[in-house]
Amino acid sequence: MSSSPAAASPPAIWPGLALALMGSIAFSGKAIIVKLAYRHGVDAVTLIMYRMLFALPLFLLLTWWASRGKPALTRRDWLVVLGLGFSGYYLASFLDFAGLAYISASLERLILYLNPTLVLAFSVFVFKVRVKPMQLLALAISYAGVLLVFGQEIHLQGADAVLGAVLVFGSAVSYALYLVYSGEEVRRLGAMRLTGLATTVACVLCIAQFLILRPLSAMAVAPEVIWLSVLNATLCTFAPVLMVMLAIERMGATMTAQTGMVGPMSTIIMGVLILGEPFTPWVVAGTLLVLTGVWLLARWR
């Protein structure tokens, strides 16, 4: 007897699930690499320049590949891509790098994981979406988890933790704006083409920022910074972007986003094992609250 379509469909999920898991874990390693690079005396402007310098050829290749056979961009498309590239990848990345100089990788990942709550908030103000009471409960649970870990961070780091948390939260806000406003352009250009274009814009902006704010002599950094930046650009920037896009194609955005819940746990584990960050009951409780809140938000949307 021939197998039915229903019986054959479950195995098809696994390639997408594996891609989503690997993408989430790889992207979570970004914060670890940034913290390791900071130990060699480099600043955020120089570090993000090197990351984007090595990532630029890869995203140019992605843009070319995704644009084959497609119509040329209109003036409106270019303006939208510039705006999305500035908000979603340049500003969000720079604020994130700057914030990591002051807070732990664990807290940084938990703050960034609040992104769905920020997208909901913007949808309320921009598109007049009504919020359900259960969604408000999910938001409260998520932010309570971040506040738990933030309280411990202030105890350990002092006032610097406030600055770092504000910078990383600004990064989350900037990326949430990108997600809110990119929907129409994704339908027009396709997700992979838009991602390639927007990240290419961000790469150019980060390199230009360095050339404006730093002398060329500032490019002289420790060899470890170069290799860490290469790793960041490939394994923790380009590869996860590609893997997540391929995962969405195979199993949809909803399941891909839910699989991303492994990200915060990955960062915390790597932070403890590689960076020697504290692993306390407050971190565990805060992480569980954030993950629970985001899961409930996806369930009750």
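Residues: numbered from 1 along the sequence shown.
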Test ring pair (Phe, Tyr, Trp, His ring centres under 6.0 Å) applied to Tyr89 - qualifying residues, sequence neighbours left out: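 Listed in chain order: Tyr178.
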
Partners passing ring pair (Phe, Tyr, Trp, His ring centres under 6.0 Å) against Phe169 (at least two apart in sequence or in another chain):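 With neighbours one apart ignored, the set is empty.
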
Are [X] and [Y] linked, directly or through other ILVMFWY residues, by side chains that come within less than 4.5 angstrom of each other?
{"X": "Leu73", "Y": "Tyr181", "result": "yes"}
{"X": "Leu60", "Y": "Leu194", "result": "no"}
{"X": "Leu107", "Y": "Tyr175", "result": "yes"}
{"X": "Phe86", "Y": "Met49", "result": "no"}
{"X": "Met270", "Y": "Leu291", "result": "no"}

Non-hydrogen atoms of [X] and [Y] that approach each other most closely:
{"X": "Ala161", "Y": "Ile103", "value": "O-CG2, 3.5 Å"}
{"X": "Leu58", "Y": "Ala233", "value": "CD1-O, 4.3 Å"}
{"X": "Pro278", "Y": "Val283", "value": "O-CG2, 4.1 Å"}
{"X": "Thr267", "Y": "Ala105", "value": "CG2-O, 3.3 Å"}

Sub-4.5 Å side-chain heavy-atom contact between [X] and [Y]:
{"X": "Phe122", "Y": "Leu179", "result": "no"}
{"X": "Val45", "Y": "Phe97", "result": "no"}
{"X": "Leu47", "Y": "Asn232", "result": "no"}
{"X": "Ile268", "Y": "Phe279", "result": "yes"}
{"X": "Val168", "Y": "Leu95", "result": "no"}
{"X": "Pro264", "Y": "Val290", "result": "no"}
{"X": "Ser171", "Y": "Leu112", "result": "yes"}
{"X": "Leu110", "Y": "Phe150", "result": "no"}

Kindly state each residue pair satisfying salt bridge (charged side-chain N to carboxylate O under 4.0 Å, His left out) with at least one member in [range], sequence neighbours excluded.
{"range": "residues 188-208", "value": "Asp77-Arg188, Glu185-Arg188"}
{"range": "residues 153-168", "value": "none"}
{"range": "residues 24-33", "value": "Lys30-Asp96, Lys30-Glu108"}

List for me each residue that meets side chain to side chain contact (heavy atoms under 4.5 Å, CB included) alongside [X], sequence neighbours excluded, and say none if there are none.
{"X": "Leu36", "answer": "Ile32, Arg39, Leu228, Ile274, Leu275"}
{"X": "Ser93", "answer": "Ile48, Arg51, Met52"}
{"X": "Ser174", "answer": "Ser87, Leu91, Ala92"}

Tell me, yes or no, whether the heavy-atom count around [X] atom [atom1], taken from other residues, nucleotides or ligands under 6.0 Å, exceeds 12.
{"X": "Tyr143", "atom1": "OH", "answer": "yes"}
{"X": "Tyr102", "atom1": "OH", "answer": "no"}
{"X": "Arg76", "atom1": "CZ", "answer": "yes"}

With rounding to the nearest 0.5 Å, note down the distance linking [atom1] in [X] to [atom2] in [Y].
{"X": "Ile141", "Y": "Leu288", "atom1": "CD1", "atom2": "CG", "result": "12.0 Å"}
{"X": "Leu246", "Y": "Leu19", "atom1": "CG", "atom2": "CG", "result": "6.0 Å"}
{"X": "Ile111", "Y": "Ser106", "atom1": "CD1", "atom2": "OG", "result": "11.0 Å"}

Is there a side chain to side chain contact (heavy atoms under 4.5 Å, CB included) between Thr237 and Phe59? Walk through the geometry before answering. CA-CA 10 Å; Thr237 301; Phe59 284 117; 3.8 Å; yes

Residues joined to Leu61 in its hydrophobic cluster, side chain to side chain under 4.5 Å directly or through other members, sorted by chain and number, are Trp64, Trp65

What pairs of donor and acceptor atoms, side-chain ones from residues 201-226 against any protein atom, are under 3.5 angstrom apart with sequence neighbours left out?
{"residue": "Gln209", "atom": "OE1", "partner": "Tyr90", "partner atom": "OH", "Å": "2.6"}
{"residue": "Arg214", "atom": "NE", "partner": "Asp43", "partner atom": "OD2", "Å": "2.7"}
{"residue": "Arg214", "atom": "NH2", "partner": "Asp43", "partner atom": "OD2", "Å": "2.5"}

Before giving the answer on side chain to side chain contact (heavy atoms under 4.5 Å, CB included), spell out for Phe238 and Leu62 the whole-Å C-alpha distance, their side-chain angles and the decisive distance to 0.1 Å. CA-CA 9 Å; Phe238 180 76; Leu62 176 64; 4.0 Å; yes

May I have all residue pairs that pass ring-ring contact (aromatic ring centres under 6.0 Å, His included) and include part of residues 214-237, sequence neighbours excluded?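 Not a single pair qualifies under ring-ring contact (aromatic ring centres under 6.0 Å, His included).
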
When the side chains of residues 22-29 are checked against the rest of the protein, which donor-acceptor pairs come out under 3.5 Å, sequence neighbours left out?
{"residue": "Ser24", "atom": "OG", "partner": "Gly260", "partner atom": "O", "Å": "3.4"}
{"residue": "Ser24", "atom": "OG", "partner": "Gly263", "partner atom": "N", "Å": "3.2"}
{"residue": "Ser28", "atom": "OG", "partner": "Ser24", "partner atom": "O", "Å": "2.7"}
{"residue": "Ser28", "atom": "OG", "partner": "Gly263", "partner atom": "O", "Å": "3.0"}

